[in-house]
Amino acid sequence: MGVGALGVVGGRRIRLLAVGVLALVVVAMLPPTAGSASSAAGGGSVSVIVQARPGGLVAAARLVEQVGGQVGRHLEVINGFTALVPAGQVDRLSAGSSVASVTRNEPVQMQAAAYTPTTDAGSLYTTTVATGAQAYWKAGYTGKGIDVAVVDTGTAPVPGLATSGKLVNGPDLSFESQAKGLRYLDTYGHGTHMAGIIAGRADAAVSGRYAGDTTNFLGMAPDARIVSVKVADAMGAADVSQIIAAIDWVVQNKTTGGLNIRVLNLSFGTNTTNPYTIDPLCHAVEAAWNKGITVVAATGNAGFYKTPGGPGLTSPARDPYVIAVGATDTNKTLSTSDDAVASFSSSGVVGTGGTKNPDLVAPGKSIISLAVPGSFIDQTYGAGGAVTGGYMRGSGTSQATAVMSGAAALVLQQHPTWTNNQVKALLTTTARKLSAGTMTPAAQGLGTLDLTKALSVTSVAAAYSYTSSTGTATLESARGTAHLVDNGLTLSGEQDIFAAPVSTATQASRRTAGTAWTGGTYNGQAWTGSAFTGTSWDSANWSGRMWSGRMWSSVTWSGRMWSGRMWSSGTWSGRMWSGSHWSGNTWSSADWN
């Protein structure tokens with residue numbers, strides 16, 4: 001997810017592969033004829049696509065509310081959005097001075113391409129075989145008892161993540177948290193893809209028979225549990241202040257209410273130029289590391305730099321404590337002999353001293369995982385194809401990071417008393433050197449993930465000593481070049497999403513003391529609960545947060561209107577930080593194919 005980490009969605013195409021025909025609701029742009037949206041002039045409401053005139057997006061959204069309608073998904077590519085509008089008010093909406101057109105939102109059928117897990121180099125079946133995850137399964141280690149926190153765009157309880165006890169929701173710190181129908185859900189589609197890679201498991205998969213199962217969807221650690229902390233909305237909009245708050249919550253709640261958070265997946269990053277020794281985001285991940293949480297972070301998708309002066313790894317992967325993960329490309333073959341570092345995978349800065357390289361690499365090209373029907377990724381890029389069973393392909397160091405997080409969960413079940421330093425030492429010392437492509441340590445670190453070799457190791461020496469981060473650099477510098485923008489207003493400087501002043505030194509002190517969060521309050525503001533009333537996340541709150549077998553059919557999910565997507569100026573402390581990707585390559589993969 002990160003600046004080059006999760007992978008990147010903005011401006012990239014998505015390809016969903018599948019067998020048969022998958023019915024999905026997507027944007028169907030029809031000419032605004034008299035017989036389109038306004039033809040249903042009877043009772044009830046109609047689903048429409050509203051295209052705003054230049055500069056009129058907010059005014060058009062307010063007009064929808066004035067006529068009794070409900071704004072749905074923002075469609076950046078056409079400067080518009082979907083909406084549910086009373087049938088008798090369509091003509092009034094169409095006549096608005098801020099509205100360019102109103103057209104009927106129609107369902108379409110997408111043809112799905114054939115997909116065979118055993119022969120597709122990007123399937124999780126072949127990934128778990130190649131990485132040695134299935135060797136762990138055969139030995140009885142499936143990630144059971146290990147919780148993996150995923151700070152991302154949320155996680156949707158789609159099939160593969162809908163079994164009882166599979167998913168627990170931490171706080172929703174995104175801009176959609178106040179919309180009851182959106183809270184916790186992945187309206188963007190990235191977090192669900194990561195969660196599926198880490199710990200997805202189909203309902204029909206049989207415990208004890210995972211190895212060799214070529215029919216059911218299985219992630220790297222199919223019996224691990226996902227703790228989802230949502231920080232981004234349907235457009236990927238989030239600020240670094242939300243990311244830091246999410247990590248702080250994970251640290252303080254690692255064992256709350258029966259949780260056992262041992263791994264933290266960070267498939268994102270920022271392009272800050274801060275040294276890790278002062279960066280606030282790096283200080284937050286070090287706090288997690290110091291509390292025994294194995295932090296796995298994506299190196300970024302900026303590619304390999306052969307000369308000095310390249311950007312290096314993104315933050316927080318550049319922090320020496322965390323496991324920094326680059327991506328490999330299978331070259332579409334089942335043989336591992338031609339695996340190479342993916343062209344998009346960020347490298348350490350060549351020719352300069354003291355710059356961190358990736359620790360190791362893992363599969364990250366065209367990885368097939370769970371899709372969220374109706375999400376931003378699905379609706380914006382899904383026309384390129386679909387994967388049978390509701391899957392999609394994604395490429396990026398985001399996907400590689402998720403593979404590594406699942407691997408860490410397997411290791412921790414095998415060695416429950418091991419420290420995160422030991423987990424890191426095991427994964428790096430047993431890594432297999434790549435023999436194809438760019439083979440320098442700056443690109444591949446110590447090599448590619450090899451769990452088959454790791455399985456037989458019973459002890460490992462682990463002693464890491466680095467200068468610790470103070471976290472005292474400015475919040476603005478931690479953002480790098482990524483800023484949220486609302487209607488020309490940029491979120492910048494030493495303020496969080498509520499426009500509350502931020503002292504990174506004070507935050508660092510509270511973080512070290514374990515008091516960054518007090519109930520639902522963070523940095524003097526109530527960040528969680530209904531209408532931010534400060535609901536505390538103690539053991540009493542976990543009931544009802546479990547998606548116990550709740551299944552979402554594609555018809556149900558696709559038909560959802562992401563209501564509350566647009567926020568009026570008075571809703572979010574006078575700010576409407578929407579309509580902006582956190583960065584051009586933040587909450588998505590290097591490509592979706």
Side-chain angles (χ1 to χ4, degrees), residues 1 4-22 24 26 110-131 152-153 156 158-161 186 188-198 200 202 214 217-220 236 267 298 301 327-334 339-340 342-345 362-403 406 554 585 587-593:
M1 185 196 276
L6 303 161
V8 182
V9 167
R12 312 281 182 142
R13 59 195 174 88
I14 291 177
R15 186 182 178 202
L16 304 181
L17 300 172
V19 173
V21 178
L22 179 64
L24 297 175
V26 300
M110 292 197 304
Q111 295 296 322
Y115 158 61
T116 305
T118 55
T119 58
D120 193 307
S123 75
L124 275 176
Y125 175 81
T126 58
T127 299
T128 53
V129 170
T131 59
D152 213 293
T153 63
V158 295
L161 291 171
D186 183 9
Y188 190 80
H190 184 274
T192 302
H193 202 260
M194 300 305 109
I197 294 171
I198 296 167
T214 62
F217 179 84
L218 293 163
M220 290 288 292
S267 288
N301 296 331
T328 62
D329 185 344
T330 63
N331 289 304
K332 299 183 179 180
T333 71
L334 299 183
D339 288 359
S343 60
F344 55 77
S345 187
K365 176 63 176 175
S366 299
I367 303 299
I368 298 173
S369 185
L370 303 175
V372 183
S375 66
F376 176 86
I377 290 173
D378 174 37
Q379 291 201 26
T380 307
Y381 305 104
V387 177
T388 305
Y391 308 133
M392 63 179 291
R393 292 185 189 270
S395 300
T397 54
S398 289
Q399 281 72 15
T401 298
V403 168
S554 59
N585 56 351
W587 297 104
S588 62
S589 286
D591 207 350
W592 291 96
N593 67 8

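Side chains included, hydrogens not; waters and symmetry mates left out as well; all remaining heavy atoms used.
- Inter-residue side-chain proximity for L124 and I367 is flagged as met; some heavy-atom pair is nearer than 4.5 Å.
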Might you work through the side chain to side chain contact (heavy atoms under 4.5 Å, CB included) test for M220 and T128, ending with a clear yes or no?
CA-CA 6 Å; M220 290 288 292; T128 53; 3.8 Å; yes
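- Considering CG of D329 and OG of S395, their distance stands at 7.5 Å, rounded to 0.5 Å.
- Here the CG-CZ distance, from L161 to F217, works out to 7.0 Å after rounding to the nearest 0.5 Å.
- For the residue pair T118 and L334, the shortest heavy atom distance occurs at O-CD1, 3.6 Å.
- The closest side-chain heavy-atom distance from V403 to T127 is below 4.5 Å.
- Summarising the geometry, atom OG belonging to S345 is positioned 12.0 Å from atom NZ belonging to K365; distances are rounded to the nearest 0.5 Å.
- Minimum heavy-atom separation, H190 to I377: N-CD1, 3.8 Å.
- Considering all non-hydrogen atoms of both residues, A402 and M194 come closest at CB-O, 3.8 Å.
- Nearest heavy atom pair, residue A121 against residue T330, reads CB-OG1, 3.4 Å.
- Distance CD1/I198 to NE2/H193: 11.5 Å, rounded to 0.5 Å.
- Using a 4.5 Å cut-off on side-chain heavy atoms (C-beta onward), T214 and P117 make no contact.
- Nearest approach of A327 to G396, heavy atoms of both residues: CB-O, 4.0 Å.
- Residues T192 and D186 bring a donor and an acceptor atom of their side chains to less than 3.5 Å of each other.
- T397 approaches F344 most closely through the heavy-atom pair N-CE1, 3.8 Å.
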